[in-house]
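Each chain gets a letter, A, B and so on, in the order its sequence line appears, and its residues count up from 1. In this text, all values refer to a predicted model and were calculated from it rather than measured experimentally.
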Amino acid sequence: MYIDVCVQQNFIGFDQVYTYSTKLGRNDLFLGQRVKVPFGKKILMGIILAIDVENTSGFEAKEILGTFEDQVFLPRDLMVLAEKMSEKYFIGPFTSLAYILPPSNGQGIFYDQGEFKVENLPDLNRYGYLEGQGKNPSQEKVLNLLKSQGPLLKSEILDRLDISASPVQTLIKNGVIGPVKEEKTCQPPQVLTPDQERAYQEFYQDQSLETLLFGVTGSGKTELYLHWAQDCIERGQKVLIILPEIALTPQMVERVQARFGSRTSVMHSKLTDSQRKLEWTRMRNGQVDILVGARSGIFAPMENLGLIILDEEQEASYQYHQSLRYDVREVAKMRSEITGTRLVYGSATPEVSLFYRAKKGDIKLIQLKNRIMDRPLARVHLVDMREELSTGNLSILSNVLHQKIQNTLSRGKQVILFLNRRGYSNFISCRHCGTAIRCDSCDISMNYHKTIHRLRCHYCGSTKPLPKTCPVCGSKLIKPFGVGTQQVEELVKNLFPQAKVHRMDRDTTNKKETYFSLYEDMKNRKIDILIGTQMLAKGLDFEHVTLVGILAADTSLFISDYKAQEQCYSLLTQVSGRSGRGKDPGEVVLQTYNPDNYAIKTACQGDYQDFYDMEIKQRQAYDYPPFKKLISIQLTGPDKEEVYEATRNFYRDLTGATRTLHLVGTKIIENPKIKNKYTFKFQLKSNKADLALLRDSLEWVFKKHMKENKGKIYIDIIFER
DNA sequence: AGCACGCCGACT
DNA sequence: GTCGGCGTGCTC
């Protein structure tokens with residue numbers, strides 16, 4: 001019998017399907033099983049993709065050497081998903097599967113009589129008080145804890161008490177405490193507002209596969225998710241809730257756990273491999289009803305999925321980029337199509353292309369129009385920083401903002417200041433010759449970090465000392481320009497010496513604990529002014545924040561991307577949404593050098609519809625998505641000339657192969673060097689009707705070039721959405 | 001990529 | 001005769 005296998009190989013060019021033979025029978029093999037195979041002169045680990053196939057390869061199949069003892073057994077739909085991802089993203093079958101498999105490709109996961117086991121699987125039972133008495137003080141402590149707190153995991157008992165494991169063991173042996181099936185009584189769902197109730201019902205009016213839940217910040221989308229999730233679980237089905245990593249706050253997790261108890265799983269990037277493996281196994285065993293997870297949660301190994309929720313659908317971190325070789329939203333849609341599971345996108349600022357589809361009726365649109373308790377949106381004051389300059393205020397704080405901070409503090413409320421720029425100053429440049437200090441391995445100007453008194457590159461993280469003279473002309477007129485969060489912190493501390501000021505960005509908040517303690521301090525009002533970047537834009541709810549200052553609304557407009565406007569709108573809306581989440585109304589001061597820009601203007605008024613109307617006209621006028629498909633092709637490698645040459649060849653081959661199509665291509669442009677790698681790219685605009693043909697040609701040219709480059713040059717093909 | 005094979009010059 | 005340097009070709 002022949003089987004199809006993909007192999008674990010470090011050279012991408014060999015990540016493809018290979019046909020092997022085996023003497024084992026159908027019953028000894030299953031899809032996703034790990035096998036040992038001879039590969040050239042080596043022995044490799046492979047994964048079974050198909051069983052009992054014809055050998056159409058034209059090669060004589062070798063025999064597999066055996067199977068591994070530990071076994072990953074993927075749900076069928078994830079095997080199909082891997083195959084579809086492999087086609088869609090021009091990646092090999094193993095690369096594709098590697099995203100889906102648990103850590104270390106599932107090593108140490110055992111399959112045994114219908115149950116999965118991880119080696120040394122911790123005891124997941126919750127122990128509760130049954131009957132009897134403790135025979136010594138330690139045992140009494142345990143019993144008192146369980147009587148007051150209800151059933152707990154063994155590890156939780158030991159965490160809370162200063163005792164060894166043996167009294168717990170004895171109590172279990174004597175039958176005083178024992179595993180309890182139904183744990184904590186779960187919190188009942190909240191009563192829905194009329195607006196939420198309407199939206200809730202609308203969802204069940206039909207069975208559309210895709211639904212966009214469009215609701216302003218604070219309209220209570222999460223509560224709706226939890227209601228739909230509950231319905232689903234009551235039908236005996238499973239639920240996935242995917243959130244951006246930074247929105248996976250303790251607040252959010254607590255809320256879901258309070259509702260669904262221990263049949264919840266949480267997955268985020270801070271988990272260790274063994275925790276991840278354990279969660280994976282719990283899900284695979286059907287011990288989990290609902291997963292709240294960051295983007296990789298979309299590969300949760302749960303069968304009988306009833307609902308997938310993708311919150312903050314427009315998030316840039318869901319989209320294809322350097323460290324993410326697939327688009328989470330697309331993958332969610334693929335998984336939904338494979339299993340027929342309904343998919344809900346949630347957003348206050350939907351991606352323009354998605355909203356277009358929703359308005360056209362291609363996907364279901366549900367709107368939440370009111371904020372809970374009819375709390376008004378924060379009032380936004382727009383400050384033109386050019387006027388501020390002309391009146392002689394050179395500070396990064398406008399007079400209005402300065403005053404409002406003072407007012408807010410005197411009323412005992414909290415302030416958030418937002419600036420999308422880390423470090424002390426943006427760059428160091430020479431007044432004499434104009435040279436900006438650049439990173440040695442990236443073609444990017446370095447930021448000055450006062451805390452370490454060095455320059456740091458925000459792309460590769462490397463640092464170097466601050467030069468005293470210009471390295472080019474030797475001039476001493478070398479000075480920092482542009483303000484970063486560190487400088488704001490310094491300034492604010494000087495201006496408001498009585499206030500407790502804290503900064504939250506990647507430099508202060510790299511560990512989970514610091515994030516958590518900042519969050520607690522903020523909640524307990526140990527901080528008056530919180531200064532930060534993107535990090536504080538999402539999910540953080542502080543009821544005593546009544547003022548948000550956006551120091552430079554323009555920074556995200558400078559990225560040269562057709563999505564610059566919508567990303568700016570979305571970010572401003574999210575940051576503004578941090579203000580006035582409690583009883584007291586909130587205010588926002590938005591400082592800008594571009595007060596006439598429509599993204600900034602409409603964000604001030606908080607009207608997505610207005611923004612959308614303007615943006616969609618632009619998209620139509622310039623042939624951008626959703627009207628045309630935009631495809632970016634990027635080639636990256638260590639040798640500048642070689643990469644440029646390869647890009648030109650790729651372009652030429654592609655134009656040759658697609659002569660019959662109406663394609664518009666841009667010039668080849670050079671991206672800045674990053675970590676000593678050069679990148680050249682060009683873009684194509686295509687009619688939707690031509691897309692299938694274009695994909696075929698792209699695949700052909702891509703494969704040809706991958707072979708020719710022998711892995712020296714990396715090719716990225718991005719279908720912009 | 002990585003590994004073996006093979007061709008050729010340098011060396012005991 | 002044989003050791004090893006590196007160019008070439010192959011992986012179901």
Side-chain angles (χ1 to χ4, degrees), chain A residues 1-26 28-68 71-72 74 79-80 82-87 89-101 103-107 322-323 325 441 634-643 645-647 649-650 674-679 699-717:
Chain A
M1 184 168 73
Y2 294 112
I3 56 174
D4 278 348
V5 169
C6 63
V7 292
Q8 181 173 37
Q9 241 284 1
N10 30 18
F11 183 51
I12 304 162
F14 292 121
D15 189 0
Q16 41 176 290
V17 179
Y18 297 93
T19 308
Y20 282 86
S21 70
T22 177
K23 293 201 179 77
L24 294 171
R26 285 207 77 119
D28 304 317
L29 301 165
F30 55 80
L31 299 182
Q33 189 172 24
R34 306 203 310 143
V35 288
K36 268 183 212 138
V37 293
F39 189 81
K41 307 285 183 294
K42 287 173 284 189
I43 293 170
L44 297 179
M45 192 270 279
I47 291 173
I48 301 181
L49 299 173
I51 298 167
D52 205 359
V53 293
E54 300 280 308
N55 183 7
T56 52
S57 63
F59 291 89
E60 197 186 329
K62 286 186 185 171
E63 191 180 340
I64 66 164
L65 300 172
T67 56
F68 283 79
Q71 301 296 2
V72 200
L74 290 171
M79 292 297 297
V80 180
E83 198 184 332
K84 296 214 180 235
M85 282 175 66
S86 173
E87 279 167 29
Y89 298 110
F90 303 116
I91 52 178
F94 191 91
T95 312
S96 179
L97 260 175
Y99 291 123
I100 295 175
L101 290 167
S104 48
N105 304 315
Q107 235 175 83
Q322 263 104 8
S323 50
R325 262 71 197 12
S441 46
Q634 289 185 14
L635 286 85
T636 305
D639 187 296
K640 189 170 169 175
E641 288 310 313
E642 268 178 33
V643 179
E645 199 55 29
T647 314
N649 291 339
F650 194 103
I674 304 286
K675 292 187 193 173
N676 287 321
K677 296 256 163 75
Y678 295 86
T679 299
E699 188 177 356
W700 183 81
V701 180
F702 176 80
K703 289 204 167 139
K704 174 173 179 252
H705 280 252
M706 280 304 274
K707 265 199 198 110
E708 283 172 7
N709 296 328
K710 298 196 167 191
K712 269 188 288 183
I713 293 172
Y714 202 89
I715 309 171
D716 268 313
I717 298 178

In B/S/- notation (B base, S sugar-phosphate only, - none; protein heavy atoms under 4.0 Å), nucleotides 1-7 of chain B written 5' to 3' is BS-S---
Measure the distance from [atom1] on [X] to [atom2] on [N] and round it to the nearest whole Å.
X     : N      : atom1 : atom2 : answer
A/D15 : C/dT11 : CG    : P     : 17 Å
A/E63 : C/dC12 : CD    : P     : 14 Å
A/L44 : C/dC12 : CG    : P     : 9 Å
A/Y20 : C/dT11 : OH    : P     : 11 Å
A/F94 : C/dT11 : CZ    : C1'   : 16 Å
A/E60 : C/dC10 : CD    : C1'   : 16 Å

Would you confirm whether [X], through its side chain, and [Y], through its main-chain N or O, come within 3.5 Å as a donor-acceptor pair?
X     : Y     : answer
A/D28 : A/G25 : yes
A/S96 : A/A82 : yes
A/S86 : A/I91 : yes

Can you name the residues that form a ring-ring contact (aromatic ring centres under 6.0 Å, His included) with A/F94, not counting sequence neighbours? none
Identify the two heavy atoms, one from A/Y678 and one from A/D639, that lie closest to each other, and give their separation to 0.1 Å. CD1-C, 4.4 Å
Does CD in A/E83 sit with more than 12 non-hydrogen atoms of other residues, nucleotides or ligands closer than 6.0 Å? no
